[in-house]
Enquirer: 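Sharing a structure here in structure tokens format.
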Amino acid sequence: MNTKYPTIKKCLFPAAGYGTRFLPATKAIPKEMLPVLTKPLLQYGVEEALAANINTIAIVTGRGKRAIEDHFDISYELEHQIKGTSKEHYLTEIRSLITKCTFSYTRQVEMKGLGHAILSGETLIGHEPFAVVLADDLCDGNSHGVLAQMVSLYEKHGCTVVAIEEVPREQTYKYGVIAGEEIEEGVYRVSDMVEKPDPKDAPSNLAIIGRYILTPDIFDIIRDTKPGKGGEVQITDAILEQAKQGRVLAYKFKGKRFDCGSVDGFVEATNYFYAKSES
Ligand code: UTP
């Protein structure tokens, strides 16, 4: 599509969290490397970015996350072992991703929250709009990936876009929740955002999920954002500053989302993708 706004070329994956809800599995393995069927969560996320024509992948890691770098690299020994055998096809998808994308990494030295993790990625992003994917929110947009849907919306409006979904009211305490006016079907101009509100204080039941398109002024805003709920620098607080200037859209994406940061969501995703692979 022709757009007067800068193209989204980079996708940032904050992947430095401790993943405590998956201990002991995440003691030595990053949460983002847990597999749904045979693919790690992070690989699904990178495939979604590529489906949105984004092939510059920037990953914020932390201590104990080296498996991520090894995954997006060629394993010569393994390739040599299975070359010419019936098992060669198992590596086709990941090999193709490695060829089509570039990967760069930086470390979040202290885990001070998602906002802080995104700020740590500034060195990899520079001064351009970019996408953010939280790989533990696994999305299936079927023929049209969730990030691709969001990029289309960004190309029309040129501002920050957050993905939202309706959640049961009693679950608002788990999410950032928006208030806003619906300007076209499923698209809201955001006027307020609250991080993890009690159901009684939630401005709506429209919850932000782990997909964002951010304009680069967000970095300066995060730098000025004080730690919020849980003592962490919340990305919701920073995006709220843009929303106050009318520069944030919330988009009710088409597709399904699984909270793979929780055991229930992970099991649900596994069953869903298994059923899909069998059909
Ligand atoms: P979560 O809060 O779901 O991840 O953060 P967590 O802290 O790893 O998980 P639990 O609650 O302890 O089980 C959402 C995303 O933000 C990243 C995480 O890696 C995850 O992808 N994150 C969070 C960071 O990169 N740095 C942080 O300081 C916090």
Side-chain angles (χ1 to χ4, degrees), residues 11-52 54 57-69 71-72 97 103 105-108 111-118 120-121 130-141 145-147 150 162-165 167 171-177 195-196 207-214 229-230 232-236 253 255-274:
C11 185
L12 186 69
F13 290 81
Y18 290 122
T20 50
R21 284 169 290 169
F22 269 92
L23 283 171
T26 46
K27 210 173 151 221
I29 296 168
K31 172 170 74 171
E32 297 74 15
M33 289 303 292
L34 295 177
V36 166
L37 306 189
T38 56
K39 266 192 298 198
L41 291 170
L42 196 51
Q43 187 175 334
Y44 286 93
V46 173
E47 286 173 356
E48 189 181 323
L50 196 55
I54 301 172
I57 307 299
I59 305 181
V60 179
T61 66
R63 283 177 292 282
K65 302 268 186 175
R66 288 170 71 163
I68 295 177
E69 292 184 39
H71 186 71
F72 294 108
L97 268 195
F103 296 86
Y105 302 87
T106 191
R107 278 195 178 192
Q108 184 188 14
M111 308 322 159
K112 291 193 201 159
L114 179 56
H116 181 261
I118 291 175
S120 307
F130 61 104
V132 175
V133 167
L134 306 186
D136 50 356
D137 262 346
L138 178 53
C139 289
D140 182 17
V146 174
L147 212 50
M150 295 171 71
V162 299
I164 50 166
E165 83 176 358
V167 296
Q171 286 186 22
T172 56
Y173 71 93
K174 294 186 193 166
Y175 300 92
V177 176
E195 183 62 23
K196 301 189 169 70
I208 302 170
I209 63 124
R211 298 289 181 279
Y212 310 78
I213 306 275
L214 298 173
K229 203 146 199 166
E232 297 192 331
V233 179
Q234 302 290 351
I235 190 63
T236 315
F253 67 94
K256 280 185 82 63
R257 183 211 48 127
F258 300 93
D259 173 14
C260 289
S262 75
V263 174
D264 286 354
F266 195 94
V267 171
E268 210 189 311
T270 303
N271 290 334
Y272 172 86
F273 281 94
Y274 183 68

Enquirer: If only atom types and distance count, is the side chain of Gln108 paired as donor or acceptor with the main-chain N or O of Val60 below 3.5 Å?
Expert: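 Checked: no pair found.
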
Enquirer: Which distance, rounded to the nearest 0.5 Å, do you find between the CZ of Phe273 and the NZ of Lys256?
Expert: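 Atom-to-atom, Phe273:CZ and Lys256:NZ are 9.5 Å apart.
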
Enquirer: Working to the nearest 0.5 angstrom, can you tell me the gap between Thr236 OG1 and Leu114 CG?
Expert: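 Thr236 atom OG1 to Leu114 atom CG measures 7.5 Å (nearest 0.5 Å).
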
Enquirer: Quick one: CD on Glu268 to CG on Leu138, what's the gap to the nearest 0.5 Å?
Expert: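 Answer rounded to 0.5 Å: 10.5 Å.
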
Enquirer: List the atom pairs, with distances to 0.1 Å, where a side-chain N or O of residues 20-27 and a protein N or O form a donor-acceptor pair under 3.5 Å, not counting sequence neighbours.
Expert:
unit_1	atom_1	unit_2	atom_2	d
Arg21	NE	Gly261	O	3.4
Thr26	OG1	Gly19	O	2.8
Thr26	OG1	Phe22	O	3.4
Thr26	OG1	Leu23	N	3.4

Enquirer: Between Arg63 and Arg107, is there a side-chain heavy-atom distance shorter than 4.5 Å?
Expert: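 A side-chain contact exists here, since the closest heavy-atom pair is under 4.5 Å.
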
Enquirer: Within the 4.5 Å heavy-atom criterion, are Leu12 and Leu214 side-chain neighbours or not?
Expert: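 In short, these two side chains do not touch, never coming nearer than 4.5 Å.
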
Enquirer: For Pro14 and Ala117, which heavy atoms make the closest approach, and how far apart are they?
Expert: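 That would be CB-CB, 4.1 Å.
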
Enquirer: Distance from Asp259 atom CG to Asp264 atom CG, nearest 0.5 Å?
Expert: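 Atom-to-atom, Asp259:CG and Asp264:CG are 9.0 Å apart.
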
Enquirer: Rounded at 0.5 Å granularity, tell me how far CG in Asp140 sits from CZ in Phe253.
Expert: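 Reported value, rounded in 0.5 Å steps: 10.0 Å.
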
Enquirer: Would you say Leu41 and Phe258 make side-chain contact, with heavy atoms under 4.5 Å?
Expert: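 When only atoms from C-beta onward are counted, Phe258 and Leu41 do not touch, as no gap falls below 4.5 Å.
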
Enquirer: Would you check if Thr61 and Thr106 make a side-chain contact, meaning some heavy-atom pair closer than 4.5 Å?
Expert: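 Not touching, per the 4.5 Å side-chain cut-off.
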
Enquirer: Considering non-hydrogen atoms only, spot the tightest contact between Leu147 and Ala49 and give its length.
Expert: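 Heavy atoms only, the tightest pair is CD2-CA, 3.8 Å.
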
Enquirer: Any sub-3.5 Å donor-acceptor pair from Tyr44's side-chain atoms to Val36's backbone N or O?
Expert: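 Yes, because the side chain of Tyr44 sits within donor-acceptor range (under 3.5 Å) of the backbone of Val36.
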
Enquirer: Side chains of Glu32 and Phe13, heavy atoms from C-beta outward: is any pair under 4.5 Å?
Expert: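 SC-SC contact between Glu32 and Phe13 ruled out.
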
Enquirer: Can you find a pair of side-chain heavy atoms, one from Leu42 and one from Pro30, that are under 4.5 Å apart?
Expert: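 Leu42 vs Pro30: side chains apart.
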
Enquirer: Taking the side chain as C-beta and beyond, is there a heavy-atom pair between Ile208 and Tyr175 under 4.5 Å?
Expert: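 The answer is no; the side chains never approach within 4.5 Å.
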
Enquirer: Would you say the side-chain atoms of Arg211 pair up with the backbone N or O of Asp137, donor to acceptor, closer than 3.5 Å?
Expert: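 Yes; at least one donor-acceptor contact below 3.5 Å.
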
Enquirer: Any side-chain heavy atom of Ile57 within less than 4.5 Å of one from Phe72?
Expert: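 Of all side-chain heavy-atom pairs linking Phe72 with Ile57, none is under 4.5 Å.
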
Enquirer: Indicate the atoms forming the closest heavy-atom contact of Met33 with Ala67, along with that distance.
Expert: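 Here Met33 and Ala67 meet closest at CE-O, 4.0 Å.
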
Enquirer: Determine whether a donor-acceptor pair (N or O, by modelled atom type, separation under 3.5 Å) exists between the side chain of Lys31 and the backbone of Gly17.
Expert: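 It does not hold such a pair.
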
Enquirer: With rounding to the nearest 0.5 angstrom, report the OG1 to CG distance, Thr270 to Leu37.
Expert: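 Rounded to the nearest 0.5 Å, the OG1-CG separation comes to 6.5 Å.
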
Enquirer: Provide the closest heavy-atom pair for Ile209 versus Cys139 in the form atom of the first, atom of the second, distance.
Expert: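 Nearest heavy atoms, Ile209 then Cys139: CD1-SG, 4.0 Å.
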
